[in-house]
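Below: the structure, in structure tokens.
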2 protein chains.
Amino acid sequence: MSASTTTGLIDMETLERVAPVIRLTAHPLRLRIIDYLRREGGPRCVTDIGEALGSDQSVTSQQLRILRDQGVLGARRDGCHMFYNITDPSVLLLLDCIREHHCCRSSDGPTAARSAAQTAH
Amino acid sequence: MSASTTTGLIDMETLERVAPVIRLTAHPLRLRIIDYLRREGGPRCVTDIGEALGSDQSVTSQQLRILRDQGVLGARRDGCHMFYNITDPSVLLLLDCIREHHCCRSSDGPTAARSAAQTAH
DNA sequence: TGATCATATAGCGATCTAGAGATATACTGG
DNA sequence: CCAGTATATCTCTAGATCGCTATATGATCA
């Protein structure tokens with residue numbers, strides 16, 4: 001596997017490529033868009049998404065573009081409408097993680113985790 | 001589960017709390033630090049980490065602080081040394097995802113994914 | 001062709017982030 | 001206390017991101 005060098009670590013090249021994708025995806029509204037599309041189970045247009053999530057058309061479109069640029073979403077035009085759908089299923093793992101774990105820690109809160117680490121000094 | 005409202009979606013409050021943690025973790029060097037600590041299997045000090053990863057002391061310390069603030073890492077002082085370890089195992093899921101999947105898509109590249117979505121219009 | 005709906009983009013100011021260098025703090029041993 | 005080592009923090013500049021408003025593009029229908 002090209003992701004790991006002889007050191008057993010994921011190489012920087014891979015991390016530098018992947019990190020921005022995760023970073024850009026880890027945005028409240030964008031995560032919500034993905035979650036919404038997942039629940040709907042199929043493509044939805046900008047207006048639907050915006051209305052369902054209570055976000056402005058312009059903002060919604062911007063976020064969708066960002067997600068599409070990252071390859072997370074795909075888009076298909078149908079007349080006046082642009083339908084977006086999830087093209088990268090692996091991003092759902094993030095949502096699962098958030099849902100189950102209340103994600104990536106934070107179940108007890110970062111603050112608690114940190115102060116615990118400090119007192120344990 | 002408090003993460004989901006009656007809509008079945010993860011609520012914004014949760015996303016707004018969790019997103020920054022993921023976003024801050026999704027940084028090449030920080031991911032590498034976590035990966036390094038995982039491989040080592042135990043606490044390591046700043047110098048070790050910096051040398052292993054070829055990053056400046058100042059930068060290394062800064063990244064470690066960020067990760068500690070997020071509750072991803074914990075720290076323990078032993079004399080002159082500060083030993084860091086992974087306190088939030090859920091962050092390892094991210095690494096696993098990257099390792100296996102070459103992560104979160106990108107195996108074929110975002111560009112390919114996007115143009116594919118476009119041509120499939 | 002003109003009106004209208006749906007979507008995309010440009011520009012703006014505010015905020016955040018990255019990394020580098022210099023410096024400060026903290027601990028150890030003499 | 002002093003010198004040396006290890007770590008943390010401050011400061012600064014450049015660049016990225018955020019959400020907003022206004023506007024542009026593109027498609028449909030009368």
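Remember, it's a predicted structure, so these values are computed and weren't measured experimentally. Reminder, nothing fancy here: chain letters follow the sequence lines and each chain counts from 1.
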Please report, rounded to the nearest Å, how far the P atom of dC18(D) is from the CG atom of Leu31(A). 12 Å
Separation of dT7(D) P from Ile66(B) CD1 (nearest whole Å): 18 Å
About how many Å separate CD of Gln70(A) and CZ of Arg65(A), when rounded to the nearest 0.5 Å? 10.5 Å
Hey, does Gln57(B) have a side-chain heavy atom less than 4.5 Å from the side chain of Ser61(B)? yes
Check ion pair Arg32(B)-Asp35(B) (N to O, under 4.0 angstrom): no
Does some side-chain heavy atom of Thr25(B) sit less than 4.5 Å from a side-chain heavy atom of Ile22(A)? no
Within the structure provided, determine whether Ile66(A) and Gln63(A) are in side-chain contact (heavy-atom separation under 4.5 Å). yes
Mind checking whether Leu92(B) and Ile34(B) have side chains closer than 4.5 Å, heavy atoms only? yes
Whole-Å distance separating the CG atom of Leu29(A) from the P atom of dG19(D): 7 Å
Whole-Å gap separating C1' (dT7(D)) and CD1 (Ile33(B)): 14 Å
So, is His81(A) near the phosphate of dA27(D), with a side-chain N or O under 4.0 Å from OP1 or OP2? no
Can you pull every protein N or O that's under 3.5 Å from an N or O on nucleotides 12-17 of chain D?
none

Reading 5' to 3' through nucleotides 21-30 of chain C, protein heavy-atom contacts under 4.0 Å coded B for base, S for sugar-phosphate only, - for none: BB----BS--
Please state whether the phosphate of dA18(C), meaning OP1 or OP2, lies under 4.0 angstrom from any side-chain nitrogen or oxygen of Gln63(B). no
Look up atom CD1 in Ile86(B) and atom CD1 in Ile33(B), then write down how far apart they are to the nearest 0.5 Å. 10.5 Å
Could you give the distance from CZ (Arg44(A)) to CG (Leu73(A)), rounded to the nearest 0.5 Å? 13.5 Å
CG on Leu93(B) to CG on Leu94(A), rounded to 0.5 Å: 9.5 Å
Take atom CG of Leu15(B) and atom P of dC18(D), then tell me their distance rounded to the nearest Å. 15 Å
Atom CG of Asp69(B) to atom P of dT17(C): distance rounded to whole Å? 12 Å
Taken to the nearest whole Å, CD/Glu16(A) to C1'/dA18(C) is 13 Å
Any chain of hydrophobic side-chain contacts (each under 4.5 Å) joining Val59(A) to Ile49(A)? yes
Near-strand residues of residues 44-52 of chain B, defined as heavy-atom separation under 4.0 angstrom from DNA chain C: none
May I ask you to say what Tyr84(B) touches in the nucleic acid, namely base, sugar-phosphate or nothing, with a heavy-atom cut-off under 4.0 Å? sugar-phosphate
Side-chain contact test, heavy atoms from C-beta onward, threshold under 4.5 Å: evaluate it for Glu51(B) versus Cys45(B) and give yes or no. no
In whole angstrom, what separates Ile22(B)'s CD1 from dT17(C)'s P? 15 Å
